[in-house]
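Treat the numbers as computed from the prediction; the structure is a model and nothing was measured. For the single chain, residues carry numbers from 1 onward in sequence order.
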Amino acid sequence: MPFVEFHRVSKSFGKTAAVEELNFTVEQGEFYSLLGPSGCGKTTTLRMLAGFLTPTTGRIKVHGRDITDLPPEARGIGIVFQNYAIFPHMNVYDNIAFGLIERGEKKAEIRRRVGAALEQVGLAGYGSRFERELSGGQKQRVALARVLVVEPEILLLDEPLSALDKKMREEMKFWIKDIQKSVGITTIYVTHDQSEALTMSNRIAVMNEGRMLQVGTPVEIYEKPVSRFIAEFIGDSNFLKGRILSLDGTAGQIDLGGGAVVPARMPSDADVAVGDGIGLLLRPEVLGLKPSDEGETPYLSGEVIDETYQGSLRRYRIRAGIHEVTAEIPNRPELARLEPGDKVELYWNSESGSVVP
């Protein structure tokens with residue numbers, strides 16, 4: 001039995017549909033991310049699960065129990081908000097203890113559980129501090145401890161890292177994932193940041209315009225996107241328009257125009273035929289570059305338009321016939337630096353490209 005289940009859930013505000021016909025499940029102990037651009041419906045989905053919004057249609061179940069009409073306090077769900085929502089007039093200890101006090105727990109039990117929560121989030125000794133004395137990362141840890149201390153069945157995180165600087169976000173995403181794994185709590189995480197979702201999740205649901213477009217593991221979402229939107233939203237991608245010349249099972253030949261014919265692996269469930277127009281999606285990091293005098297038969301030949309230095313790699317824009325592509329090459333001494341105007345050949349593993357209608 002799925003731990004969390006959305007069955008044909010829709011939510012409208014007046015005539016505006018925020019989410020439409022959501023059908024998905026989350027397993028117990030899973031880290032499940034809702035990923036998409038602003039306004040795609042991911043926060044609305046989270047708030048319906050938390051009980052702050054009621055679906056217009058459809059049902060929501062947790063461990064087989066229908067919670068659609070239950071108030072938030074009866075759902076066994078904890079939520080960490082984007083702005084932390086720490087009480088400024090209370091110190092860290094009292095902030096974390098607040099939910100336990102509201103539940104009428106005994107003082108000794110509150111002391112024990114708050115102390116354990118502070119240890120768990122790495123804030124032992126911070127109990128007497130106030131919000132103004134905490135860094136952004138410490139505030140986030142307090143907000144998480146305040147939820148975990150009441151031992152909810154499900155943890156909801158609504159863009160919890162968006163207010164932090166880049167370095168702190170990098171540290172906190174690994175820390176949150178470690179905490180989630182150690183506690184084993186079922187977690188649903190809302191974000192528009194693809195790197196957060198790829199790093200932290202067991203599965204990712206990509207949303208846009210109120211619908212789920214693809215659900216899969218980080219590897220599946222990144223390497224085998226089912227649409228151009230997903231490929232371009234999850235990292236960078238080259239989209240080469242072409243036409244299918246031949247098919248043999250999942251192996252195919254793609255005509256990219258200008259005399260360029262390249263092999264490609266077709267998805268096993270792709271509804272395509274010889275002659276169909278398709279898009280070949282190639283990530284910049286799967287492309288190899290060689291100077292055009294090295295003699296190997298390339299998939300595409302082109303000319304360097306410009307180069308961008310990015311520390312650990314060099315990023316090249318290349319005009320290859322009717323296509324313009326981006327390639328990322330590791331910045332290593334043995335790899336010759338290319339200049340604008342240099343003639344190059346492009347190659348890649350046929351398994352590295354994704355074909356979409």
V286 versus W348, closest heavy-atom pair with distance: O-CB, 3.6 Å
Non-hydrogen atoms of V215 and A205 that approach each other most closely: CG2-CB, 3.8 Å
Over all atoms of both residues, closest heavy-atom pair of E27 and R203: N-NH2, 4.3 Å
What pairs of donor and acceptor atoms, side-chain ones from residues 321-329 against any protein atom, are under 3.5 angstrom apart with sequence neighbours left out?
residue : atom : partner : partner atom : Å
H323    : NE2  : L256    : O            : 2.8
E324    : OE2  : R317    : NH1          : 2.8
E328    : OE2  : R315    : NH1          : 2.3

Parallel, tilted or perpendicular: ring planes of F233 versus F229, cut at 30 and 60 degrees: parallel
Any donor-acceptor N/O pair, E220 side chain to T217 backbone, under 3.5 Å: yes
Nearest heavy atoms of V80 and Q140, plus distance in Å: CG1-OE1, 3.2 Å
Aromatic plane relationship, F24 with Y32 - under 30° parallel, 30 to 60° tilted, over 60° perpendicular: parallel
Show the atom names and distances, to 0.1 Å, of all donor-acceptor pairs under 3.5 Å that link a side chain in residues 168-180 to residues at least two apart or in another chain.
residue : atom : partner : partner atom : Å
R169    : NH1  : L164    : O            : 2.8
E170    : OE1  : K173    : NZ           : 3.4
E170    : OE2  : K173    : NZ           : 3.1
E171    : OE2  : K167    : NZ           : 2.7
K177    : NZ   : Q180    : OE1          : 3.3
K177    : NZ   : M200    : O            : 3.2
Q180    : NE2  : G29     : O            : 3.1
Q180    : NE2  : I185    : O            : 2.9

Pairing of R319 and E303 as salt bridge, 4.0 angstrom limit: no
Flag if over 12 foreign heavy atoms under 6.0 Å of CG, D248: no
Plane angle bin for F3 and H63 - parallel if under 30°, tilted between 30 and 60°, otherwise perpendicular: tilted
Pair R59-D69, salt bridge (Lys or Arg N to Asp or Glu O under 4.0 Å): steps then yes or no: CA-CA 9 Å; R59 312 303 295 176; D69 300 315; 3.1 Å; yes
R265 vs E351, salt bridge (Lys or Arg N to Asp or Glu O under 4.0 Å): CA-CA, chis, key distance, verdict: CA-CA 6 Å; R265 176 69 63 179; E351 300 285 338; 2.9 Å; yes
Nearest atoms (heavy-atom pairs only) where G353 meets L280: CA-CD1, 4.1 Å
Test: R211 and E20 ion pair at under 4.0 Å: yes
Side-chain H-bond candidate by donor/acceptor type, D66 with T68, under 3.5 Å: yes
Whether S33 side chain and L35 backbone form a donor-acceptor pair below 3.5 Å: no
Cation over ring face, K11 and F13, 6.0 Å, 45°: yes
Shortest non-hydrogen contact between Q253 and V261, atoms and distance: OE1-CG1, 3.4 Å
Any donor-acceptor pair under 3.5 Å from T56 side chain to S12 backbone: yes
Within 45° cone of Y222 ring axis and under 6.0 Å: R283 NZ or CZ: yes
Pairing residues for R337 by the side chain to side chain donor-acceptor pair (under 3.5 Å) criterion, not counting sequence neighbours: E307
Donor-acceptor pair, side chain of N331 and main chain of G311, under 3.5 angstrom: yes
Residue that, paired with P152, satisfies side chain to side chain contact (heavy atoms under 4.5 Å, CB included) out of V147, I79, I77: V147
